[in-house]
2 protein chains.
Amino acid sequence: MAVKRKTRQRDAIFGAIRGADGPLSVAEIHELAGRAIPGLGIATVYRNVRSLRDEGAITAVELPGEDPRYEPSGRGHHHHFRCTDCERTFDLEGCPVGVERGATLPGGYRVDGHSLTFYGSCEDCNRV
Amino acid sequence: MAVKRKTRQRDAIFGAIRGADGPLSVAEIHELAGRAIPGLGIATVYRNVRSLRDEGAITAVELPGEDPRYEPSGRGHHHHFRCTDCERTFDLEGCPVGVERGATLPGGYRVDGHSLTFYGSCEDCNRV
DNA sequence: GTAGATGCAAACGCTTTGCCGCTTA
DNA sequence: TAAGCGGCAAAGCGTTTGCATCTAC
C-alpha cells in the first residue's frame, strides 16, 4: 500500500491544527498553513486533512450549522464554545451533561453519546 | 411589499413540517410534500422554507454535521436525539444542562445559549 | 528512479437565482 | 388583470477528482 511521505505541506497543515486553541475549519487551516507555504493549494489541505483523520492523528469536530473543524486526537471528552462575535471556536473543559452512555431517555432512546456547544461571547469580545 | 399568497405547494410544505415528530431536512420535506404535489420543484421547497422561516412560522434546527432541519416555531427550549441506525431525528423534552444564560464559564466565556444533541438508537431500532 | 504528493482546473452535489408562464386574489 | 408564485435550467460555492509535474525516499 501507499507509504506516507513527509512533506512541508503536511507538516504545516498538522502544525496549524496542533497549534490552535480550538478546532479549525479547512479554510482556517489553509489560511494558517498558507503563511508558511505560499501557494498552498486548497485541494492539498483537503487531502491531508482527510488522510490525517483516517490515520487518527486528528479528529473531526462537528458543530451545529458549521463546516467541520479539526483538532488533534486524544483530547478526551470535552465540548466547545463558539463566540458569536469573533466567530472563533474554543475548547472547554468538563461536561455538565449528567447522562451516561447506556442510559435511556424518556421515549426509549438509548444514549451512546452527545454533543454540546455553548454560544456567547469570549473574554476578548466581552472586554470591549 | 410582497403579499403572501396561499398556494397548494406552501400548504403541503408547512403541513409536512407540522406533521413530523422531529425536524425535517429540505430533502425530507420535498419527499413528503411531493407526495401531495407531484412534480413539486426543489427550488419551491427552498423558497418556501426560507419564507416560512423569515415569517417565524418555522425554526431552523442545526445539528452537528448535518444539513439544517426545520420544525414549527414555538416548541420552546428543547434538544434532539439522533438515531444513528435509522438516521431519524426526534424531539426531546427537558434540558439536563445546568448552565444558565448569562453565566460565565472558566476562561471568561459568557454564555448566551447552547445546543445539545444526543446520539444512539431509538426505540424502534433498539427492539430489533 | 519511482511511487506518492502537489497544484491547477474540471467535475460534482447542493443551494440559490433568473426567467417566464401560471395562479391566486 | 396584476403581481406573486412555481418550475425549469443556469449560476454559485465549497468539496472532490483527474492529470501532469514535482519530490521525498
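The chains referred to below are lettered A, B, ... by the order of the sequence lines, with proteins before strands, and numbering in each begins at 1.
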Measure from [atom1] on [X] to [atom2] on [N] and round the result to the nearest Å.
X	N	atom1	atom2	value
A/Ile42	C/dA9	CD1	C1'	15 Å
A/Asp11	D/dT23	CG	P	16 Å
B/Glu66	C/dC14	CD	C1'	16 Å
A/His30	C/dC8	NE2	C1'	12 Å
B/Asp54	C/dT16	CG	C1'	14 Å
A/Lys4	C/dA3	NZ	C1'	12 Å
A/Asp67	C/dC14	CG	P	15 Å
B/Ile37	C/dC22	CD1	P	18 Å

Has the side chain of [X] got a donor or acceptor atom sitting under 3.5 Å from an opposite partner on the base of [N]?
X	N	answer
A/Arg50	D/dT16	no
A/Arg10	C/dA5	no
B/Arg47	D/dG7	yes

*For B/Pro68 and for A/Gly41, find the nucleotide of DNA chain C with the closest heavy atom, then tell me which residue's nucleotide is more 5'.*
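So the residue in question is A/Gly41.
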
*Taking for each residue the nucleotide of DNA chain C bearing the nearest heavy atom, is the 5' side occupied by B/Val26 or by A/Pro38?*
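Its nucleotide being nearer the 5' end, the pick is A/Pro38.
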
*Judged by modelled atom types alone, do B/Ser73 and B/Thr59 share a side-chain donor-acceptor pair under 3.5 Å?*
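The answer is yes; a qualifying pair exists.
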
*Under 3.5 Å, is there a donor-acceptor pair between the B/Thr89 and B/Arg82 side chains?*
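Note: B/Thr89 and B/Arg82 side chains meet the donor-acceptor criterion.
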
*Give B/Leu40 one of three labels, base, sugar-phosphate or nothing, depending on what nucleic acid heavy atoms sit under 4.0 Å from its own.*
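It contacts sugar-phosphate atoms only.
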
*Return the nearest nucleotide to the side chain of B/Asn48; candidates are D/dA9, D/dG6, C/dA5.*
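For B/Asn48, the side-chain atoms sit closest to D/dG6.
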
_Along DNA chain D (nearest heavy atom to each residue), the more 5'-positioned of B/Arg5 and A/Thr7_ =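 Counting from the 5' end, the first nearest nucleotide belongs to B/Arg5.
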
*For B/His78 and B/Glu71, what are the C-alpha separation, side-chain angles and deciding distance, and is it a side-chain hydrogen bond (donor to acceptor under 3.5 Å, both in side chains)?*
CA-CA 12 Å; B/His78 66 285; B/Glu71 65 185 9; 3.0 Å; yes

*Tell me, with the steps shown, if B/Val97 and A/Val97 meet side-chain contact (heavy atoms from CB on, under 4.5 Å).*
CA-CA 6 Å; B/Val97 180; A/Val97 181; 4.3 Å; yes

*Check whether any side-chain nitrogen or oxygen of B/Gln9 sits under 4.0 Å from OP1 or OP2 of C/dT23, and answer yes or no.*
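The answer is no; no side-chain N or O of B/Gln9 sits under 4.0 Å from OP1 or OP2.
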
*side-chain contact (heavy atoms from CB on, under 4.5 Å) between A/Val26 and A/Asp67, worked out*: CA-CA 8 Å; A/Val26 169; A/Asp67 296 335; over 6 Å; no

